[in-house]
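Here is the naming used below: chain letters follow the sequence lines, and residue numbers restart at 1 for every chain. Values reported hereafter were calculated over all heavy atoms of this structure, with side chains retained and with hydrogens, waters and symmetry mates removed.
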There are 2 protein chains.
Amino acid sequence: MALTTESVADAAMRILSDFGLGDLTMRRLARELNVQPSALYWHVADKQSLFVLLAARMGAEADDLDRPAPGQGRLASTVDAITTYRGVLLRYRESADIVLLAYSHSGPTVLPSALSDLDADTRDFVIPYVLGSIAILQNRRLFAGEPLAPRTTGGGSDGHAEASFRTGLTRLLTG
Amino acid sequence: MALTTESVADAAMRILSDFGLGDLTMRRLARELNVQPSALYWHVADKQSLFVLLAARMGAEADDLDRPAPGQGRLASTVDAITTYRGVLLRYRESADIVLLAYSHSGPTVLPSALSDLDADTRDFVIPYVLGSIAILQNRRLFAGEPLAPRTTGGGSDGHAEASFRTGLTRLLTG
DNA sequence: ACCTGAACACCGTTCAAGT
DNA sequence: ACCTGAACACCGTTCAAGT
């Protein structure tokens with residue numbers, strides 16, 4: 001049952017999706033793993049670099065989910081892939097705050113390829129839009145306070161919010 | 001020298017612009033004001049509602065600065081006003097994180113009129129873009145770590161970052 | 001009405017020491 | 001190599017009690 005960087009990140013992902021960012025503390029994480037808080041620092045430099053790990057995982061998760069529909073233009077499949085990413089982030093409570101930090105710190109490597117493959121100029125206004133939209137949505141949910149929420153974990157669409165997201169995204173991508 | 005909600009907010013703005021969000025704690029704030037931490041809670045409900053106060057101040061500050069240039073179209077003057085707001089936020093280290101929280105919590109009232117006057121549908125993709133862009137820029141600066149930084153406090157333009165910001169903004173506003 | 005003092009229940013991180 | 005134990009320097013918030 002030895003600790004690894006992976007097992008630490010796994011536990012962190014679970015805490016994040018089940019309880020949120022407020023409960024994702026190094027001490028809580030250690031408790032969950034039945035070790036002393038100080039043990040974590042052997043496997044991870046500090047909390048910030050744990051965030052980078054988590055962000056990269058969510059990016060990879062979106063890449064895995066994303067098999068582009070055939071007979072689709074470049075624009076449409078990019079919009080779809082980014083929307084898939086949005087769906088992934090929405091499953092991890094305040095993930096957008098984490099990704100925002102991690103991206104500011106480590107650059108596009110923490111993002112899914114749908115975003116990191118864009119040319120640098122496009123990235124500079126698409127990424128803020130994507131992360132900003134999700135962050136606001138997630139913080140709104142946080143304040144709405146769902147103590148035992150009807151978490152729509154099902155793959156269903158998001159309704160108006162998702163449609164609006166796609167509209168803005170399309171405007172930014174069609175310069 | 002009695003404490004007021006305003007004097008608390010004033011001190012908080014000073015700490016934010018001089019030292020950043022990491023130093024903006026209730027205890028530090030109390031120390032600066034020569035009172036016990038508990039004294040603050042008579043004037044402000046909690047830290048979150050202090051953030052709402054700060055966000056509203058920055059919105060108002062942008063409104064004050066903004067005298068629209070004559071002979072300009074609606075689009076151009078909106079872009080200018082929002083760019084002015086961006087300039088205000090950039091003077092308060094990690095302000096975008098605060099405004100993001102405050103906006104998620106309290107809605108468009110904490111924003112400058114250039115943003116709150118937009119119709120609801122436009123707001124839904126412009127505001128995430130604006131706050132996301134500034135948040136990323138500010139966090140990048142934070143990690144770049146300027147212990148005794150050459151803070152470009154002068155009113156000079158921001159170069160590429162500002163130009164890119166305006167481009168994206170224009171795309172979003174011209175549906 | 002406005003503030004102090006003391007407490008409660010926490011944080012992230014470091015580091016000698018153990019195995 | 002990997003982890004414990006103890007410490008350091010903090011947090012936000014509450015609440016009885018003082019003036």
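Straight-line distance from the CG atom of L33(B) to the P atom of dC3(C): 10 Å, rounded to whole Å. Computed from coordinates, the D46(A) CG to dC15(C) P distance equals 14 Å when rounded to whole Å. What separates OH of Y41(B) from P of dG12(D) is a distance of 6 Å, to the nearest Å. Note: NZ (K47(A)) to P (dC11(C)) measures 9 Å, nearest angstrom. Per the geometry, CG belonging to L29(B) stands 16 Å off C1' belonging to dC10(D), to the nearest Å. In this structure, Q36(B) atom CD and dG5(C) atom P are separated by 5 Å, rounded to whole Å. A straight line from CE of M26(A) to C1' of dG12(C) spans 8 Å, rounded to a whole angstrom. One atom, CZ of R27(B), and another, C1' of dC11(D), lie 6 Å apart when rounded to the nearest Å.
To the nearest whole angstrom, the two P atoms, one in dC10(D) and one in dA9(C), are 22 Å apart.
A cation-pi arrangement is found for R86(A) relative to F165(A), the charged atom lying closer than 6.0 Å to the ring centre and inside a 45° cone about the ring normal.
With dT13(D), dC3(D), dC11(D) as the choices, the nucleotide that has an atom nearest any side-chain atom of A2(A) turns out to be dC3(D). For R31(A), taking side-chain heavy atoms from C-beta onward, the closest of the listed nucleotides dC11(D), dC11(C), dC3(C) is dC11(C).
A 3.5 Å limit on both hydrogen-bonding distances identifies dA1(C) as the Watson-Crick or G-U partner of dT19(D). Taking a pair to require two hydrogen-bonding distances under 3.5 Å in either a Watson-Crick or a G-U wobble arrangement, dC11(C) remains unpaired.
Each of L101(B) and L16(B) belongs to its own hydrophobic cluster when Ile, Leu, Val, Met, Phe, Trp and Tyr are linked at side-chain heavy-atom distances under 4.5 angstrom.
Between H43(B) and dA1(C), a side-chain N or O to OP1/OP2 separation shorter than 4.0 Å is absent. Taking only side-chain nitrogens and oxygens, W42(A) never comes nearer than 4.0 Å to OP1 or OP2 of dC3(D).
Looking at R93(B) and D18(B), no side-chain N of the basic residue comes within less than 4.0 Å of a carboxylate O on the acidic one, giving no salt bridge. Ionic pairing of D64(B) and R57(B) is not present here: no N-O contact between side-chain nitrogen and carboxylate oxygen is shorter than 4.0 angstrom. The residues R28(B) and E32(B) are annotated as salt-bridged, a charged nitrogen and a carboxylate oxygen being separated by less than 4.0 angstrom.
Across all strands, S38(B) comes closer than 4.0 Å to base atoms (heavy-atom distances).
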